[in-house]
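Notes for the one structure printed next.
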Amino acid sequence: MNILLTGSEGFIGKHLHKFLQKNNHKVIPIDKLSGNDLLNCDLKYDVDLIIHLAGLSGVRDSLDRPTEYWKENVIAGQRLFDYFPTTRILYASSSTAIEPWRNPYAMSKCSLERIAPENSIGMRFTTVYGPGAREHMLIPRILRNDVPFVHTNHTRDFIHIDDIISGIDTLMKSDFTGVTDIGIGKSYDLMEIMTYFGIDCEKRIGNEFEREDNTADTTILKKLNWSTKVDLYNYIKENKNVNWS
């Protein structure tokens, strides 16, 4: 297939780009980092499928930049939807979209779901980890022994990047439309992770702008015979203190 991939230089985008090329798809990459801003770049492409990963992510950052998050996540998405009204689109949403009142990032993703075409698929990713993840995220910090604090009342559904890619591939091959979570379907208590790996850090109560739990509902993906392969604890054991440079 000819696939338009936005956000091709991002964490998930880079992994997905390689996967699609390996599986003989022709990929047309668009990313702001390579000079193609989705708000104004040329979209005159003949494609069979669009995978829309471009946009801003991060709950705490959105609190300081709400207008920018709205532009990059909602207005840019609307432009893409308007330009390709009949093309099937898989777009990145977030587990935060379930509670949009908590922060601007969640609101932007919820709004994107509301304006998406009927033939699209919204992918509510949970907490993604793996090679290339943002350095300030918890799992990379655990691997570096660099965890400044942890929220004692938070549990998180952590999913490896390889399982995210296989989930996207499963949805690409399906006839499903609508919105679905992509996570492992269970959450880990953050304090239990710290205790298990002997990590000593400051303990805090999480703020109200973040969800306490983001466990994915994997009902739809399980019906499509999808399952995850990578175990979080095994991943940490195998990669802790590895020099990634």
Side-chain angles (χ1 to χ4, degrees), residues 1-8 10-28 47-55 57 77 80-81 84-99 106 109-110 112-133 139 155-188 211 213-235:
M1 285 193 293
N2 289 340
I3 299 176
L4 180 65
L5 175 62
T6 76
S8 57
F11 170 36
I12 298 175
K14 285 183 177 180
H15 285 269
L16 184 59
H17 193 172
K18 291 179 181 178
F19 174 84
L20 294 174
Q21 288 184 319
K22 184 178 179 180
N23 285 271
N24 300 316
H25 295 292
K26 180 181 178 182
V27 181
I28 301 168
V47 295
D48 305 302
L49 177 74
I50 296 169
I51 303 179
H52 175 41
L53 304 179
S57 61
L80 190 70
F81 296 157
F84 296 97
T86 61
T87 305
R88 192 163 184 248
I89 301 176
L90 279 67
Y91 64 93
S93 185
S94 165
S95 58
T96 64
I98 297 173
E99 297 178 349
K109 289 301 185 180
C110 178
L112 190 66
E113 293 179 0
R114 298 287 180 89
I115 64 175
E118 292 183 0
N119 65 338
S120 64
I121 301 178
M123 302 178 291
R124 286 178 175 170
F125 302 138
T126 56
T127 308
V128 189
Y129 69 95
I139 303 306
T155 58
R156 288 290 179 262
D157 185 328
F158 292 101
I159 181 169
H160 190 271
I161 183 64
D162 290 349
D163 289 324
I164 283 286
I165 300 304
S166 70
I168 295 173
D169 183 50
T170 297
L171 292 171
M172 284 174 53
K173 296 173 179 175
S174 75
D175 58 4
F176 172 76
T177 58
V179 177
T180 181
D181 295 349
I182 304 185
I184 67 171
K186 72 173 184 178
S187 281
Y188 294 86
R211 298 184 69 198
D213 177 78
N214 70 337
T215 307
D217 180 351
T218 59
T219 303
I220 292 169
L221 280 166
K222 284 183 177 179
K223 287 181 179 179
L224 297 173
N225 297 315
W226 173 83
S227 61
T228 58
K229 307 296 183 185
V230 183
D231 177 79
L232 175 64
Y233 276 44
N234 287 340
Y235 176 84

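Quick caveat: nothing in here was measured; it's all calculated off a predicted structure. Hydrogens, waters and symmetry mates play no part in the numbers below; they use all other heavy atoms, side chains included.
No side-chain heavy atom of Phe176 sits less than 4.5 Å from a side-chain heavy atom of Thr170. Side chains of Ile159 and Phe125 form no contact here, defined as non-hydrogen atoms less than 4.5 Å apart. Between Pro131 and His160 there is a side-chain heavy-atom pair separated by less than 4.5 Å. Side-chain contact between Leu224 and Leu171 is present, with heavy atoms from C-beta onward closer than 4.5 Å. For the pair Asp169/Ile165, no side-chain contact is recorded, criterion being any heavy-atom separation below 4.5 Å from C-beta on. Within the 4.5 Å cutoff, side-chain heavy atoms of Leu20 are placed close to those of Ile51. When side chains are defined from C-beta on, Ile168 does not count as touching Phe19, because their heavy atoms never get closer than 4.5 Å.
The closest donor-acceptor contact from the side chain of Lys26 to the backbone of Val47 lies at 3.5 Å or more, if one exists at all. A donor-acceptor distance shorter than 3.5 angstrom exists from the side chain of Thr6 to the backbone of Leu53, with no hydrogens or angles considered. Panel note: side chain Asp48, backbone Met1; no donor-acceptor pair is recorded below 3.5 Å. Distance alone, capped at 3.5 Å, places no donor-acceptor pair between the Thr155 side chain and the Ser187 backbone. Not a single donor-acceptor pair under 3.5 Å links the side chain of Arg124 to the backbone N or O of Ile98. Asp163 contributes a side-chain N or O that, together with a main-chain N or O of Lys229, makes up a donor-acceptor pair within less than 3.5 Å. The backbone N or O of Met172 sits less than 3.5 Å from a side-chain atom of Arg88, completing a donor-acceptor pair.
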Practice prompt. Verify side chain to side chain contact (heavy atoms under 4.5 Å, CB included) between Leu80 and Leu4, making sure each step is shown before the conclusion.
Written response: CA-CA 11 Å; Leu80 190 70; Leu4 180 65; 4.2 Å; yes
Worksheet item: Yes or no on side chain to side chain contact (heavy atoms under 4.5 Å, CB included) for Thr218 and Ile184, after CA distance, side-chain angles and deciding distance?
Response: CA-CA 7 Å; Thr218 59; Ile184 67 171; over 6 Å; no
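Once rounded to the nearest 0.5 Å, the distance linking OG of Ser93 with CG of Asp181 reads 9.0 Å. Here Ile3 contributes atom CD1 and Leu16 contributes atom CG; the two are 7.5 Å apart, rounded to the nearest 0.5 Å. Here the straight-line distance linking atom CG of Leu90 with atom CD1 of Ile50 works out to 10.0 Å at 0.5 Å rounding. Rounding to the nearest 0.5 Å places CD1 of Ile182 at 10.0 Å from CD1 of Ile220. We find the OG1-CG distance between Thr228 and Asp162 to be 11.5 Å, quoted to the nearest 0.5 Å. In this structure, Glu113 CD and Ser94 OG are separated by 8.5 Å, a value rounded to the nearest 0.5 Å.
In terms of heavy-atom proximity, Gly77 sits nearest to Leu112 at CA-CD1, 3.9 Å. Taking every heavy atom of both residues into account, Ala106 and Thr96 meet most closely at CB-O, 3.2 Å. When every heavy atom of Ser166 is checked against every heavy atom of Trp226, the shortest pair comes out as OG-NE1, 2.9 Å. Scanning both residues, Ile89 and Phe84, for their nearest heavy atoms gives CD1-O, 4.1 Å. Considering all non-hydrogen atoms of both residues, Ile121 and Thr177 come closest at CG1-CA, 4.2 Å. Across every non-hydrogen atom of Ala54 and Gly7, the tightest pair is CB-N, 3.6 Å.
Within the 6.0 Å centre-distance limit, the rings of Phe81 and Tyr91 are counted as a close aromatic pair.
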